Amino acid sequence: MGSATFPTVNKCDSIGREKHTVVADMDGTLLIGRSSFPYFALVAFEAGGVLRLLFYVLASPIAAILYYFISESAGIQVLVFASMAGMKVSSIESVARAVLPKFYASDVHPETWRVFSSCGRRCVLTANPRVMVEPFLKEFLGADMVLGTEIASYMGRATGLVGKPGILVGMKKAEALKKAFGEDKPDVGLGDRHTDAPFMALCKEGYIVLPKSNVKAVQTEKLPKPIIFHDGRLVQKPTPLIALLTILWIPIAFPLACLRIAAGALLPMHIVYHAFWALGVRVIVKGTPPPQVTKSNPNPSPNPYPNYNDNSSGVLFICSHRTLLDPIFLSAALRRPIPAVTYSVSRLSELISPIKTVRLSRDRATDAAMIKKLLQEGDLAICPEGTTCREPFLLRFSALFAELTDELVPVAMVNRMSMFHGTTARGWKGMDPFYFFMNPSPTYEVTFLNKLPKELTCGSGNSSHDVANYIQRVIASTLSYECTGFTRKDKYRALAGNDGVVVEKSHVLKANKVMGC
């Protein structure tokens, strides 16, 4: 039975299907894109690195020839082998859970989703490896069942081959459907190509999704669950061209990143701002930065902030947290180094950082005493979210900072990267600054907001939680972000399967030179 036998999906009624079962293909059906190349490329790069991505790109022409001219299943087998052979299955699962959902969610087909979401029971039948697609389909699209190709493994590593019954294409899809449903016929079958016809014919109704170039993906906020946390280094979906450009750019980007980091670490902070601009790093400053207040100079003059403190306490900058580099760019914007507090950071970042920070112990009383002491010496920066978030959301603000001083200046931090993310939950954090500076022209926007009025601080009887929530809302409003109650633990449980707590060998608190907070 050919695809021309089936009506198009726009003719499928989506009303009254709460008790119906739908079975949909993935690439070209549930997703707009008909090629799975970008998603295998993400697995190759995020789990195997740039050399694995290079091998994958070199093998892709062979896969294309096999796919289009010889055998669809043979072409997919090459992609599986090139992207996964020798990798830990746990690493593939980690990429599928933390990286792929962001890219899948931005490509959901609107007409297919209209029908798929209207049905009470949802099944996806795909030639893609089940390990790649199942986390996204079940968690973010509400799929009840995922039937996909099973990868073969040995001692916890993928062999690059597939298990029985092989790549789910053509009649093998139909056989998998029969095995899963038995004599019960699904109500609706959705596919996009002639090899989907065998399984669609087993459904009571079958609809074809025709390829169209002007289809706009479903807005992610309309999906059952928003993408708040995601990981991975690549900003853009790695199409063949983007993947090739990424491979060619990295040998240039890494030396450039080293040069930019050296400029930030070795030059005086009042020069760093101009050095960054000369090296293609854009630092945009908005608002009016407050004057410097130090122990030896408690009353700076002239003072454009007449309501600022006239005592020896420094200003506490309350920053939204985008990358570990937030305090560096805050310092660059102010043209002077601002100490920052942090819980943990890599040793490499300690070596290359131009600013001083203090490691906190997560003991509330000890940390409060340390922060108060630092504020007596001058200004200080803190990121009360406790971890970074890439999406337009602010995580819950820890309220400790509000109890320690009334000299609070909210700072809205936002950055823009075109190739690489400068944060990671799964990988080595020591590479975070390098990846950020490997972007062709990374941008940081630092917006200084008004100092918190005295009547809104804890000194006027407000609770620390009320103060923290108010500052969160002010920063979120400035950035057009959404406030959430999620915490560091929520992020790391979602992306890395742990609480994100680094166990220190020593709990001695002392000043260190580290990168960020």
Side-chain angles (χ1 to χ4, degrees), residues 23-31 34-48 52-53 55-56 59-60 62-67 70-101 104 122-139 141 143-182 186 189 191 193 195-200 202 497:
V23 179
D25 180 39
M26 192 164 182
D27 294 320
T29 303
L30 197 54
L31 302 181
R34 292 170 60 85
S35 172
S36 57
F37 175 95
Y39 309 107
F40 283 107
L42 285 166
V43 172
F45 182 79
E46 302 294 354
R52 172 51 69 102
L53 179 62
F55 174 67
Y56 173 79
S60 61
I62 301 174
I65 293 171
L66 290 172
Y67 185 94
I70 300 177
S71 167
E72 188 175 331
S73 60
I76 297 173
Q77 174 65 79
V78 171
L79 295 182
V80 171
F81 182 85
S83 61
M84 298 182 180
M87 288 188 185
K88 291 182 178 179
V89 175
S90 60
S91 297
I92 299 171
E93 292 172 341
S94 178
V95 173
R97 181 180 64 249
V99 181
L100 296 183
Y104 281 137
R122 307 167 188 173
C123 174
V124 177
L125 180 57
T126 175
N128 288 310
R130 181 185 55 81
V131 69
M132 277 178 56
V133 302
E134 190 171 52
F136 166 71
L137 294 172
K138 286 191 171 182
E139 185 172 356
L141 296 191
D144 300 291
M145 182 188 303
V146 178
L147 303 175
T149 299
E150 298 293 337
I151 63 171
S153 63
Y154 177 73
M155 297 183 67
R157 291 184 179 272
T159 62
L161 304 177
V162 299
K164 293 182 179 180
I167 305 290
L168 296 190
V169 171
M171 289 304 301
K172 289 184 178 179
K173 277 188 177 180
E175 293 168 3
L177 188 66
K178 287 181 181 178
K179 184 177 180 181
F181 287 87
R193 61 197 77 193
T195 53
D196 293 332
F199 91 81
M200 294 168 64
L202 297 177

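We're numbering straight along the sequence, starting at 1. Since the model is a prediction, treat every value here as computed from it, not as a measurement. Only heavy atoms go into these numbers, but all of them, side chains included; no hydrogens, no water, no symmetry mates.
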Are [X] and [Y] close enough that some pair of their side-chain heavy atoms sits under 4.5 Å apart?
{"X": "V124", "Y": "M145", "value": "no"}
{"X": "V89", "Y": "E93", "value": "yes"}
{"X": "V23", "Y": "F181", "value": "yes"}
{"X": "C123", "Y": "V146", "value": "no"}
{"X": "S36", "Y": "L79", "value": "yes"}
{"X": "R122", "Y": "L141", "value": "no"}
{"X": "L202", "Y": "K178", "value": "yes"}
{"X": "R193", "Y": "D27", "value": "yes"}

Is a donor on one side and an acceptor on the other found under 3.5 Å between the side chain of [X] and the backbone of [Y]?
{"X": "K172", "Y": "P165", "value": "yes"}
{"X": "R52", "Y": "M87", "value": "no"}
{"X": "Q77", "Y": "G160", "value": "yes"}
{"X": "S94", "Y": "S90", "value": "no"}
{"X": "T149", "Y": "A127", "value": "yes"}
{"X": "S71", "Y": "A74", "value": "yes"}

Passes side chain to side chain contact (heavy atoms under 4.5 Å, CB included), I151 versus M84? Steps please.
-> CA-CA 9 Å; I151 63 171; M84 298 182 180; 4.0 Å; yes
Walk me through it: do F40 and N128 pass the test side chain to side chain contact (heavy atoms under 4.5 Å, CB included)?
-> CA-CA 9 Å; F40 283 107; N128 288 310; 3.8 Å; yes
Do you know the tightest heavy-atom contact between [X] and [Y]?
{"X": "L177", "Y": "P186", "value": "CD1-CG, 4.1 Å"}
{"X": "L168", "Y": "K173", "value": "O-CE, 3.2 Å"}
{"X": "A96", "Y": "P135", "value": "O-CB, 3.8 Å"}
{"X": "G191", "Y": "T29", "value": "C-OG1, 3.3 Å"}
{"X": "L147", "Y": "A176", "value": "CD1-O, 3.9 Å"}
{"X": "M26", "Y": "T126", "value": "CB-OG1, 3.7 Å"}

OH (Y67) with more than 12 external heavy atoms under 6.0 Å | yes
Restricting to ring pair (Phe, Tyr, Trp, His ring centres under 6.0 Å), what partner residues turn up for [X], sequence neighbours left out?
{"X": "Y104", "result": "Y39, F136"}
{"X": "F37", "result": "Y56"}
{"X": "F199", "result": "none"}

Could you give me the CA-CA distance, side-chain angles and deciding distance for M132 and L100, then say whether side chain to side chain contact (heavy atoms under 4.5 Å, CB included) is met?
-> CA-CA 8 Å; M132 277 178 56; L100 296 183; 4.2 Å; yes
Interatomic distance, M200 atom CE to D196 atom CG [nearest 0.5 angstrom] | 6.5 Å
Between the CZ atom in F55 and the OG atom in S60, the distance rounded to the nearest 0.5 Å is 10.5 Å
Does the pair K138/D144 count as a salt bridge with the N-to-O cut at 4.0 Å?
->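 Looking at D144 together with K138, the answer is no, because their closest N to O distance does not fall below 4.0 Å.
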